[in-house]
Amino acid sequence: EFKPTLEELGKRIYQLRILKDLTTKQMAPMISLTPEAYRNIERGESDPSMTTVMLICKALKIEFAELVKEVAI
């Protein structure tokens, strides 16, 4: 049911990570995930917890609202 939303969120996280010039291998330990688990979030194949989303925001140095502003719920 929320698959399209998770895909949009993952795409947005990917775009912001690229803008910050970070690799998945750099990003994953910042949020206590394996690179594979992190990539699953970017692909929209995983439903991250709110804690994980907040850690992603912290690692990317962005506000939560900035992350989700273009994600349709």
Of all heavy-atom pairs between Asp21 and Gln26, which one has the smallest distance, and what is that distance?
-> O-OE1, 3.9 Å

Might you point out which heavy atoms bring Cys57 and Leu67 nearest each other, and give the distance in Å?
-> SG-CD2, 3.7 Å

In Å and rounded to the nearest 0.5 Å, what is the CD to CE distance from Glu42 to Met27?
-> 7.5 Å

Do side-chain atoms of Arg12 reach the backbone of Glu66 as a donor and acceptor pair under 3.5 angstrom?
-> yes

Does Tyr14 belong to the same Ile/Leu/Val/Met/Phe/Trp/Tyr cluster as Leu60, with side-chain heavy atoms less than 4.5 Å apart forming each link?
-> no

Below 4.5 Å, heavy atoms only, C-beta onward: do Arg43 and Asn40 meet side chain to side chain?
-> yes

Is there a chain of hydrophobic side chains (I, L, V, M, F, W, Y, each step under 4.5 Å between heavy atoms) that links Tyr38 to Leu6?
-> no

Side chains of Leu55 and Leu33: closer than 4.5 Å at any heavy-atom pair?
-> no

Ile31 side, atom CD1; Lys58 side, atom NZ - distance, nearest 0.5 Å = 12.5 Å

How many angstroms lie between CD1 in Ile62 and CG in Leu16, if you round to the nearest 0.5 Å?
-> 4.5 Å

Thinking salt bridges, do Lys3 and Glu45 make one under a 4.0 Å N-O criterion?
-> no

Taking all non-hydrogen atoms of both residues, which atom of Val53 and which atom of Pro48 are closest, and how far apart?
-> CG2-CG, 3.8 Å

Same hydrophobic cluster for Ile18 and Ile13, using side-chain heavy-atom links shorter than 4.5 Å among ILVMFWY?
-> no

Student check: side-chain heavy atoms of Ile56 and Arg17 closer than 4.5 Å = no

Taking side chain to side chain contact (heavy atoms under 4.5 Å, CB included) as the test, write out the residues that go with Val68, two or more places apart.
-> Leu9, Phe64

Report yes if the side chains of Val71 and Lys11 come closer than 4.5 Å at any heavy-atom pair, otherwise no.
-> no

